[in-house]
Amino acid sequence: MYLYKTAKYVKIKLRMRGNKIILELSIMTTLFDLHGKAGLKQYVWKFTKYYKLYIALLIVIAVVAGGCEISVDYKIKEIIDAISSNNADNLRYLLFLFVLYKFLHHGSYFAQRCLDIKYKPAILEYVVKDIYSKTIGHSLHWFDSHLSGETSSKIEDFQDGMVTLITCLFKTFHIIVTIIITLFFILHVNVLTGLVLGLFVIIYTPIIYLLLKRQLELQESYVNAKQEAMGIINDSIANIFGIKVIGDLISEFKLKLTPAINKWRAWDYKTRQFDAYYVDNADTLMVVTLNAVQIYLLAFLFKNGDISAGSFAFIAMITLKIHAQLDAFLENLLFNVNPKMAQIKSSYSFINTKLDVEDKENAKALAVFEGSINYQNVHFSYGENGKLVLHDFNLKIRAGERLGIVGTSGAGKTTMIKCLLRYFDVTEGGIFLGDQDIRDITQDSLRKLISIIPQDITMFHRSIMDNLKLAKYDATEEEIISACIKARIHNDIIAMPQGYNTIVGERGVKLSGGQRQRVAIARAILKNAPILILDEATSSLDTHTEQLIQKSINELLDSSGATVIAIAHRLSTLKHTDRIIVLDKGKLVEDGTHIELLAKTGLYKHLWDAQVGGFLGDEKVED
Ligand SMILES: Nc1ncnc2c1ncn2[C@@H]1O[C@H](COP(=O)(O)OP(=O)(O)OP(=O)(O)O)[C@@H](O)[C@H]1O
């Protein structure tokens, strides 16, 4: 049986286990009031459970360190009292205890550092792997829609936040424990001054809590603005050619970067202003009042002989120390815990959005694939209210067939391929491999079946060898060289200073367009998948290079036996296809061989006539 009473920040839970009634009381503090983002709360909880031993040990250390700190001060009180009452008998013993507590205090911090050495690197590994896996779980479409710089900045902020937060929380907990122990010690020495301190804590805590809550909101906006600006900076760097050659630096700076940096600066200003004007001043006002009241009260009690000189010194010292403790507490919350929480929340809500393409729970790898692809009544639009890009689209591609796709710009050719790759799921209808709906198999197994030679070849800032291995991680050197010879790129590679170990630069900028295309062909040869997609594979090349590459592609087509889908603007490149379909405004409008389509005098004939050349000449191509 469960009985709940929930206020905004306090949760009382009454439940029965067997014959026992269990009462659970939990207070939501600023730190874990996650504005209903259950995902992050669960994440932090899972994380805490995973490292429960570390966290439990940190709590024990915080209690020991707090106890020792006050005990050291208390020993000073006892030493003063012993000296002032000429009772020096146990002075040595008190001094021994003083030194012992000092060592214990430092020892507990040493233990904390030793634990950090053991656990912090492990936490770093756990968090980075975890958040990276979460991020790459998003669809390709999600990555198209977000700045890569912003995404990596969120990953960095999340791991930094999680790793640092534990130390920040340890410090905060240590301070809270020290304040509570102090309160007990003062109550023990003098009840009245203890009650004054208790009253102060009761007034101080909710005021500071509300200020910190507001401060956390400001911090979140600050972090979002910072990450947005960093995203734009990264995007500019990635597109530096565009900025320097096509656009101009000053306009880019003025129109894009300056507004983002101004927004970042504005939130920085607001956050700092709030700290300085409200948090700092409210804190100082309350603490100075406490000090004045306590010292006045102590002087009064001492004058009346109600407390000893040692007690006077102890309470005065502790009251002043409380100020330092509360300052440290605030500083820790303001400059460590809150910013880290803001970083974590902002990054987590960015990365932890619902996956738009997900494997079904019972999704399996496709066991047998005989090679046919079937688009059945496919409707697709980008976004919920977007216009239909594919409209009642039906297409059967036989196993081993070579299909060419042509159409006007924006007709939906690339979208059709992206649907097959599950960049996103179709809005209506389905795509089948054999009789298997692609939504029922794992994305990983689907993409293993497909090799693609795209227009823009993605290359990593790694060696050519590593870039080739992307297609087959366990490929032997012989296999790689053989694929490169077939793709007619081997000679280019060995002519480079470091051969296959040459680093290709970011996105492969150190290779020519034609060389990148041939690396992509070598990758397709290595992957040897049953579906091969050519997306305008030779469109951006000069005629000689195009002929050279087309020859490599044709050999690949002849040797692989794959089902081929080739998108082409230059119709001449479709010579080796069995069938060509024509798309217009998301609909399949013509279907047939080159000869049949020319005879129809429809859109294909119109496109063909508009192009200067015919098929690539049959002339012999020199390698
Ligand atoms: N990520 C996207 N979000 C929203 N709309 C998109 C997106 N990608 C493409 N579109 C739109 O979908 C339509 C079809 O685009 P698609 O890239 O499939 O055309 P295409 O036939 O391949 O064109 P092209 O031959 O010019 O490459 C276009 O109107 C385009 O603006």
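Quick caveat, the model's predicted, so the values are computed rather than measured. Along the sequence shown, residues are numbered consecutively beginning with 1. For ligands, and for the atoms within them, numbers begin at 1 and follow the listed sequence.
Proximity of Val426 to Phe393: side-chain heavy atoms (C-beta onward) are nowhere separated by under 4.5 Å. Counting only heavy atoms from C-beta outward, the side chains of Glu401 and Ile373 never approach each other to under 4.5 Å.
Among protein heavy atoms, the minimum distance from atom 17 (O) of ligand 1 is reached at Thr414 CB, 3.7 Å. Of the protein's heavy atoms, Ser409 OG, 2.7 Å lies nearest to atom 26 (O) of ligand 1. Nearest non-hydrogen protein atom to atom 13 (C) of ligand 1 is Val389 CG1, 3.7 Å.
Donor-acceptor pairing under 3.5 Å is lacking for the side chains of Ser463 and Gln498.
One option in Tyr382, Phe424, Tyr423 has a heavy atom closer to atom 6 (C) of ligand 1 than any other, and that option is Tyr382.
Residue-to-ligand polar distances place Gly410 within reach of ligand 1: an N/O pair is separated by less than 3.5 Å. For ligand 1, the polar-atom distance check finds an N/O of Thr415 within less than 3.5 Å of one of the ligand's N/O atoms.
Close to ligand 1: Lys387, with a non-hydrogen atom less than 4.0 angstrom away.
With hydrogens and angles disregarded, no donor-acceptor distance shorter than 3.5 Å links the side chain of Arg402 to the backbone of Asp578. At distances below 3.5 Å, at least one donor-acceptor pair connects side-chain atoms of Arg447 with backbone N or O atoms of Arg422.
For atom 31 (O) of ligand 1, the nearest protein heavy atom is 4.0 Å or more away.
Under 4.0 angstrom from ligand 1, there are no non-hydrogen atoms of Lys585.
Considering Val589, Val406, Ile581 as possible partners of Tyr604, the one that fulfils the side-chain contact (heavy atoms from CB on, under 4.5 Å) test is Val406.
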